[in-house]
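All remarks here apply to the structure that follows.
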Amino acid sequence: RKSLFLKAFKRISKNLTVIYAELTKELEPPYHRGSAHLSLEDPMNPFNAGVKFSVIPPNKRFQEIDQLSGGEKSVAALAFTFSLQGFKSTPFLILDEIDAAFDTENVLKLLRWVRNKTKVNAIQFIVISLKEIFFAHSDLLIGICRNTDSTSQSLTLALDQLPPDEASEKLIAN
Amino acid sequence: RKSLFLKAFKRISKNLTVIYAELTKELEPPYHRGSAHLSLEDPMNPFNAGVKFSVIPPNKRFQEIDQLSGGEKSVAALAFTFSLQGFKSTPFLILDEIDAAFDTENVLKLLRWVRNKTKVNAIQFIVISLKEIFFAHSDLLIGICRNTDSTSQSLTLALDQLPPDEASEKLIAN
Amino acid sequence: MRIENLEIKDFKSYSGVHTIGPFKTFSCVIGPNGSGKSNLLDAIIFVLGYKATAIRGSKLQDLVYIGADIVNPKTYVKLHFRDQHNKLYVLGRNITVKNKRFESSYTIDSKELSAQEFQKQLLELGINIASKSFFIFQGDVENHANRHPKEITHEIEVVS
Amino acid sequence: MRIENLEIKDFKSYSGVHTIGPFKTFSCVIGPNGSGKSNLLDAIIFVLGYKATAIRGSKLQDLVYIGADIVNPKTYVKLHFRDQHNKLYVLGRNITVKNKRFESSYTIDSKELSAQEFQKQLLELGINIASKSFFIFQGDVENHANRHPKEITHEIEVVS
Ligand SMILES: Nc1ncnc2c1ncn2[C@@H]1O[C@H](COP(=O)(O)OP(=O)(O)OP(=O)(O)O)[C@@H](O)[C@H]1O
Ligand SMILES: Nc1ncnc2c1ncn2[C@@H]1O[C@H](COP(=O)(O)OP(=O)(O)OP(=O)(O)O)[C@@H](O)[C@H]1O
Ligand SMILES: [Mg+2]
Ligand SMILES: [Mg+2]
């Protein structure tokens, strides 16, 4: 049991460091990244104690996840969720309003990360978002609205036929 | 103990119905409102059982709070939080990102409600928000940014000197 | 690109037949609060075999559109899925009433299967529902942001 | 209009002296994630007497700006408050180190008071900190949205 746990712990900890760095890399030079680490409070008896989640947001100092701001916590928690499984065998990812606490900069970093994953890991994304700076850069919009009898109605709009928004494309190209 | 509880329960339940109706009233005619009710699962022994929180969002049907959508739940939970105390002796209210899950319509309804409370109850509001459609209509902006050494810096900008945004003003005037 | 289309009938807030899609590599679902966006995600996890109780604490009956015929509902969700060899599969699940009890059954390309056979087929298609790693539900991120060290240990253990 | 100004020195992410305000009837605090907006709210509840542990689970030491002199910090928050008769009060609280222990003390218009006297004065000004009804903290609404019936009973009992 302990060896299974330690094996998973190592894998998740590695994933987390990579994913958090990708999710927090600045949008402009010098492209500083944040770093995140998992450490066992009691390496001899991992089940008796917790796992510490330490984070250094880009250009900030070392702190436990519970000392971060709301948005910084969300980014770290998202990176952790993604790191649990990795992406080796993921055909699709469906995300429901994960950007609720994000400011503009973090939304663009998420957008960049999603676009990168569609290329590098060939993952299909279906993302529910209320943020226009995010969904305006997807390939397809599925609009849901309510009829007067309060049933749902869907409308589909392809966006990849339109000319790209030059400014944002440049920002997330890196 | 029981009579204290029932007295508070009655007061909170009344407040909730009023506040939820105010927070959900439509922005355009016919100005339908939602309705919300608290009911005791066991009126004889209120402490042994829970309180049911039933909600009818505008133009929808009756359901328990846990059946609502994310945004609808947030609006109901916010109304409940406000109803716990009422506003008789509230000099100021400080709200930290309460609109995270709100769509444009709910943000405008919240804006209208805040403006109304400043007039009717003379409450001073300090609201932290990431949503421009909300904060663009306040009297004053306090912008916080990070210096390169990651310390905080504040800048103040009075908005009530600028000409109002006609379209939104009209929407929230009711 | 794997999920091509979603076909829904009388499921939650979707009354009658709705065809959603075709999905592309990066699709976004947008709309006001309460319009039915998360319900689409519910339709996808439903057809892939999630128990009703795992769909926001519902019973099968709660998943049937409230205005549908409650005696003889014909609710279904069909997911058009293309595997890595470009072969198209139609994964289906429906809700019916037998002896006054709500039940659901599974189909792949219109052939009825048991729940176990259906899950086995999904695994062969590369969809491991037990891993739950394909979905982040509304509010998950905020909940996880507030976890304590011991809870993180638990999560890692669950995964290993 | 009651809170007129906030004067902060070496508190959390605010290094040196900062004067925030003057606040109007409806003021908004804006800025990127992690910039220090919630820290302003923390400054307000701090000066009004919240225990450090109630400020996002901190100790007094955590509230001192990390780059400040840890041996002899001069951290303070001063709230300029105008009561309903238009009289201005300066409510203050500071953090100092005595015998290697972090302590805080209270002032009103530069006169030092005990914590109890300070709270009594606040009540006369119409600020009842125990009622917690003046603040909705980040994440409160989402947490409350997920409550169960029995938890609601508990909340009502707390209030009554
Ligand atoms: N069986 C049903 N029949 C009819 N309507 C239903 C049924 N089940 C749920 N609904 C409705 O679906 C709505 C919730 O939809 P959903 O959760 O998809 O909203 P959403 O678009 O995700 O909103 P948000 O942005 O607030 O998260 C609720 O208003 C609820 O009344
Ligand atoms: N004692 C301290 N010294 C220096 N910095 C601190 C101290 N305490 C907290 N901080 C910093 O303050 C930041 C958190 O600020 P705050 O919670 O106010 O952000 P915010 O603007 O509310 O962000 P969000 O929009 O994400 O909620 C953290 O990055 C943390 O490192
Ligand atoms: Mg939703
Ligand atoms: Mg904050």
Side-chain angles (χ1 to χ4, degrees), chain A residues 4-5 7-9 12 38 41 46-47 49-53 65-66 70 73-74 76-78 80-81 84-85 89-98 100-101 114-115 118 124-130 134-135 138-147 149-154 156 158 160, chain C residues 1-3 12-16 18-41 44-45 65 67 83-84 125-128 131-153 155-157 159-160:
Chain A
L4 259 184
F5 180 89
K7 191 152 162 284
F9 178 82
I12 291 168
L38 294 178
E41 284 178 340
F47 302 108
V51 171
K52 287 175 54 134
F53 190 160
I65 187 170
D66 52 15
K73 257 192 219 173
S74 269
L78 182 62
F80 180 79
T81 306
L84 284 173
Q85 292 291 342
S89 52
T90 308
F92 55 81
L93 265 180
I94 310 186
L95 315 171
D96 194 344
E97 287 190 43
I98 60 175
V114 166
R115 288 275 207 81
T118 61
Q124 175 187 26
F125 279 88
I126 300 174
V127 186
I128 300 174
S129 172
L130 294 177
F134 185 86
F135 62 71
S138 59
D139 306 324
L140 182 87
L141 286 185
I142 295 166
I144 309 293
C145 55
R146 274 180 48 209
N147 295 315
D149 66 356
S150 92
T151 56
S152 300
Q153 192 61 46
S154 82
T156 305
D160 54 1
Chain C
M1 222 184 307
R2 301 298 176 78
I3 296 177
K12 298 197 76 178
S13 56
Y14 290 83
S15 160
H18 294 257
T19 304
I20 321 275
F23 291 85
K24 290 181 185 266
T25 304
F26 175 19
S27 315
C28 277
V29 178
I30 67 177
N33 290 142
S35 55
K37 307 181 293 297
S38 300
N39 287 345
L40 272 191
L41 168 48
I44 293 173
I45 63 178
Y65 167 59
D83 74 0
Q84 57 262 45
L125 286 173
I127 305 172
N128 177 7
S131 79
K132 295 193 183 349
S133 59
F134 309 123
F135 310 103
I136 299 187
F137 299 99
Q138 194 164 2
D140 275 359
V141 173
E142 281 72 37
N143 288 339
H144 286 172
N146 294 320
R147 267 173 330 189
H148 302 297
K150 285 223 162 186
E151 292 169 281
I152 304 182
T153 315
E155 294 238 355
I156 297 183
E157 166 131 58
V159 166
S160 60

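Residue numbers start from 1 in every chain, and the chains themselves are labelled A, B, ... in the order their sequence lines are given, proteins ahead of strands.
- Between A:Ile144 and C:Ile30, every side-chain heavy-atom pair lies at or beyond the 4.5 Å cut-off.
- At distances below 3.5 Å, at least one donor-acceptor pair connects side-chain atoms of A:Gln124 with backbone N or O atoms of C:Lys24.
- Proximity to chain A (any heavy atom under 4.5 Å) is shown, for C:Ile45, by neither the backbone nor the side chain.
- The closest side-chain heavy-atom distance from A:Ile142 to C:Phe23 is below 4.5 Å.
- Taking the ring centroids of A:Phe134 and C:Phe26, they lie under the 6.0 Å cut-off.
- C:Cys28 contributes atom SG, which lies 6.5 Å from atom CG of A:Leu141 (distance to the nearest 0.5 angstrom).
- Counting heavy atoms from C-beta on, the side chains of C:Ile3 and A:Ile126 come closer than 4.5 Å.
- Across all their heavy atoms, C:Gly34 and A:Arg146 have their closest contact at O-CD, 3.5 Å.
- The CG atom of C:Asn33 sits 6.0 Å away from atom CG of A:Leu130, with the distance rounded to the nearest 0.5 Å.
- Interface remark: C:Leu125 contributes no atoms to any contact with chain A (heavy atom separation under 4.5 Å).
- Closest heavy-atom contact between A:Lys73 and C:Ala145: CD-O, 3.5 Å.
- Interface remark: of the candidates A:Thr81, A:Asp139, A:Val114, A:Asp139 forms the most heavy-atom pairs closer than 4.5 Å to chain C.
- In this model, a donor atom of one side chain and an acceptor atom of the other lie less than 3.5 Å apart for A:Ser152 and C:Ser13.
- Summarising the geometry, atom CZ belonging to C:Phe135 is positioned 10.5 Å from atom CG belonging to A:Leu95; distances are rounded to the nearest 0.5 Å.
- If you take OG1 on C:Thr25 and CZ on A:Phe92, they are separated by 14.5 Å, rounding to the nearest 0.5 Å.
- Between A:Thr90 and C:Phe134, the closest side-chain pair of non-hydrogen atoms falls below 4.5 Å.
- Closest approach of C:Gly21 and A:Thr156 over heavy atoms only: O-OG1, 3.8 Å.
- Counting heavy atoms from C-beta on, the side chains of C:Lys37 and A:Glu97 come closer than 4.5 Å.
- With respect to chain A, the highest number of heavy-atom pairs below 4.5 Å among C:Gly16, C:Gly126, C:Pro32, C:Ser38 belongs to C:Ser38.
- Considering CD1 of C:Ile136 and CG of A:Leu78, their distance stands at 5.0 Å, rounded to 0.5 Å.
- Looking at A:Ser74, both its backbone and its side chain come within 4.5 Å of chain C, counting heavy atoms on both sides.
- To the nearest 0.5 Å, atom CD1 of residue A:Ile98 and atom CG of residue C:Asp140 are 10.5 Å apart.
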